[in-house]
Amino acid sequence: MVKIVTYNVNGLRPRVAQHGSLRRLLDALDADIICFQETKLSRQDLSGDVIMAEGYEAFISCNRTSRGRGAYSGVATFCRVTSAFSSQEVALPVAAEEGFAGVQGSAKDSETIGDFNLQMPVEEEGLGEITREELLRLDNEGRCIITDHGHFVLFNLYGPAIGEDDEERVRFKLLFYKILQKRWECLLALGKRVFVVGDLNIAPRSIDRCDAPPGFEKQMFREWLRSLLKENGGPFFDAFRSKHPERTGAYTCFNQKVGAEEYNYGSRIDHILVSGACFHHCNSVEEHSIFHCHVEDCEIMNHFRRGDSENISKWKGGRSIKLEGSDHIPVYIMLNGMPELPVHNTPSSAARYLPEIRGRQQSIVSFLSKGKNCEVEDVTGLSMSQDRANESCCSDGLESKSLSKEELPIGLTEFSGGGNLPSPTCKRRNLDHWIDEGSSGNSQNSNATFLSQHGMKASLSGIKSMLNKKTKHNLSSQPTIKSFFRRPEPRAGDANINSLVGSVDTVPSMDELCYPKDDSLPENIQCTAAAEDQDNSVSCSLSTDKCNVATLEWQRIHQRMKMSIPLCKGHREPCIPRSVKKGSNIGRQFYVCARAQGPSSNPEANCNHFQWASVKSKGKRQ
């Protein structure tokens, strides 16, 4: 049995954090081939914790264009294998390719799957002449990974989501699927079996959308997708709908802005399409297709639905409650009767071979910045910070760190004797050994006395020196609250500064600053003790008055807001404010029902109340 899962994760890092690790996320899906969409990773963001997991081989595609925002889109295919080399497993691909247009950089370095080669320029009905730059843009958004598993070629896709009024993106989406269709037709003509999985951002029929409006199925991309299916003369089976032709309420995506999960108000846009012959030797393709003979089951994994836990409260407007998880639900297909493949190794385009994973190239800045210093324990028992202790070592390898003489505490440099200082990477036992060697003969007692008397002062002086350097280094950074209570540094010309400051070298604690032992503070901000308080607790009268005034003011503002917020017509409950994000009314505020979106037949769901605010919002336009 071979199990394939497709899952729009809506950000791979959040899903890894949700499950604790990438390995736990993959194991929770329990599949041989796992296809993720919308990973939201750029090549600069790649790291082993989100790409590499023991027992899995990864193949990824990242967006190469920002389009005015951060990392978006991106797909990744994870294959569960027992061995990455000399394997006969179907899950381990024999070849892999990033993109599908055949013009991506990685496609030039390796053989394109299926020998796909578009003759430039390309002419396409309804699109006119297509340039090479347009084809390159199709692959630059990181929306496709192709893996050849010997018995079938798997397309992991993340289809573009567009607005109907965005002509540029409408052309992009149309071109995206037209070139993909050419690629599929080329592979099928070669006798290959083709599997297409992923978030296509298309719900093909009205049954695949809750409360589909009139004319829903006449949209251009829905008509295109249906034209690919067997019932309309196309080559593909819609695996889920072919197994469950009459099932309603089967949705895979829910709008997180309207709490659509609560009342199952969603759409089915995550698909698994299969095409090709079976492994039996027969003449009838219709009765012995890959779908009829080898597809055991295809289901939506509803236990991954957000908000499925009983501990999560209802939506209530969505601003204060954020459900953990993706806004999509995984879909799986189970295949049987898959023969083993000839012995093969992991393709060279696997993530394990990417330079970002194998070893990140260092920049010149890394050679100029100071490395972490190892812990140095002096004879007084004082040590440096705990985070440096983790880097301490005594080896002579290339990884060992060392301190320059200028970075050492003065308490150690005074004993160096011009070159006999022990290595700062050594443990305390080596320091003790160095002290014993330096204190032999008649000078042993005197040297030991000298160390015991002056070691503490010297070490404290060294640590103070390091702290002063750190303070000067951080002058340009944002100050902390303690910096406002630190004593000013003495300057040359302050003759009696030592007599004023005394011998106190420590910064007073916050308790001492907040609750002084004398009445040295100005009278108007002194903290007075309440006579009737049996516990003699201290309260600051000025702070209390300010808090009371602020509380009353917020209560007044909140009450005015309650009075100004309208009630929805269906439930007579306070609405929630929203603002227009684009168009001619950008920035204008309006009110809608606060309940989660649901079917129009459900009276408990959103009543679709809408009301403009009385005046335009003067806030900053977004």
Side-chain angles (χ1 to χ4, degrees), residues 8 10-11 14 18 38 40 69-70 72 161-166 201 203 209-213 249 251-267 269 305-329 550-622:
N8 181 318
N10 192 18
Q18 176 188 350
E38 203 173 359
K40 298 182 181 180
R69 52 178 171 168
Y72 68 101
I162 60 169
E164 296 293 338
D165 55 345
D166 192 340
N201 267 308
R209 170 72 180 271
C210 185
D211 285 354
Y251 308 128
T252 64
C253 179
F254 303 89
N255 190 340
Q256 57 187 345
K257 295 181 180 179
V258 297
E261 291 97 337
E262 185 170 336
Y263 298 110
N264 196 33
Y265 188 81
S267 58
I269 61 176
R305 184 194 298 264
R306 294 189 311 169
D308 211 21
S309 173
E310 296 179 356
N311 298 325
I312 297 180
S313 57
K314 291 189 176 182
W315 184 67
K316 297 181 181 177
R319 295 301 186 186
S320 58
I321 296 176
K322 185 176 181 181
L323 300 180
E324 189 178 43
S326 173
D327 53 347
H328 288 250
I329 302 178
T551 301
L552 292 174
E553 183 65 18
W554 275 114
Q555 289 177 351
R556 186 181 66 84
I557 294 174
H558 187 63
Q559 187 64 28
R560 288 187 61 184
M561 290 177 64
K562 276 188 174 182
M563 294 174 61
S564 62
I565 293 178
L567 303 179
C568 67
K569 61 183 179 181
H571 313 103
R572 306 304 298 170
E573 297 174 349
C575 294
I576 52 175
R578 293 283 189 263
S579 60
V580 181
K581 299 300 182 183
K582 60 181 180 180
S584 59
N585 286 317
I586 185 171
R588 187 175 179 183
Q589 194 176 60
F590 59 92
Y591 297 97
V592 294
C593 177
R595 294 201 180 188
Q597 196 73 36
S600 56
S601 58
N602 188 345
E604 297 297 321
N606 192 293
C607 64
N608 294 322
H609 176 84
F610 175 89
Q611 179 180 336
W612 285 111
S614 57
V615 294
K616 287 190 176 182
S617 173
K618 296 182 180 180
K620 182 179 178 181
R621 292 188 176 185
Q622 297 180 355

Could you tell me which residues satisfy side-chain contact (heavy atoms from CB on, under 4.5 Å) with Phe610, sequence neighbours excluded, listed by chain and number? Phe590, Val592, Trp612
Of all residues at least two apart in sequence or in a different chain, which pass the side chain to side chain donor-acceptor pair (under 3.5 Å) check with Asn264? Arg305
When rounded to the nearest 0.5 angstrom, what distance separates OG in Ser614 from OH in Tyr591? 7.0 Å
Quick one, Ile329 with Tyr251, criterion side-chain contact (heavy atoms from CB on, under 4.5 Å). Give me CA distance, side-chain angles, the key distance, then yes/no. CA-CA 8 Å; Ile329 302 178; Tyr251 308 128; over 6 Å; no
Atom of Asn8, atom of Ser326 and distance for their closest heavy-atom approach: O-OG, 2.6 Å
Examine distances only and state if a side-chain atom of His571 and a backbone atom of Ala605 form a donor-acceptor pair shorter than 3.5 Å. yes
According to side-chain contact (heavy atoms from CB on, under 4.5 Å), who are the partners of Tyr265, at least two apart in sequence or on a separate chain? Cys210, Asp211, Ala260, Gln597, Pro599
Cys593 backbone acceptor or donor facing Asn606 side chain under 3.5 Å: yes
Who pairs with His609 by side chain to side chain donor-acceptor pair (under 3.5 Å), at least two apart in sequence or on another chain? Gln611
What closest approach, in Å, do Gln589 and Pro577 show between heavy atoms, and which atom pair accounts for it? NE2-CB, 3.8 Å
d(Arg595 CZ, Asn602 CG) to nearest 0.5 Å is 9.5 Å
Would you please say whether a donor-acceptor pair under 3.5 Å links the side chains of Lys40 and Asn10? yes
Going by the rule side-chain contact (heavy atoms from CB on, under 4.5 Å), which residues pair with Ala212 if we only count those two or more places apart in sequence or in a different chain? Ser206, Arg209, Phe216
Heavy-atom closest contact (Cys575 atom, Ile565 atom, distance): O-CG2, 3.3 Å
Please enumerate all residues that pass side-chain contact (heavy atoms from CB on, under 4.5 Å) together with Cys253, with sequence neighbours excluded. Ser267, Ile269, Asp270, His328
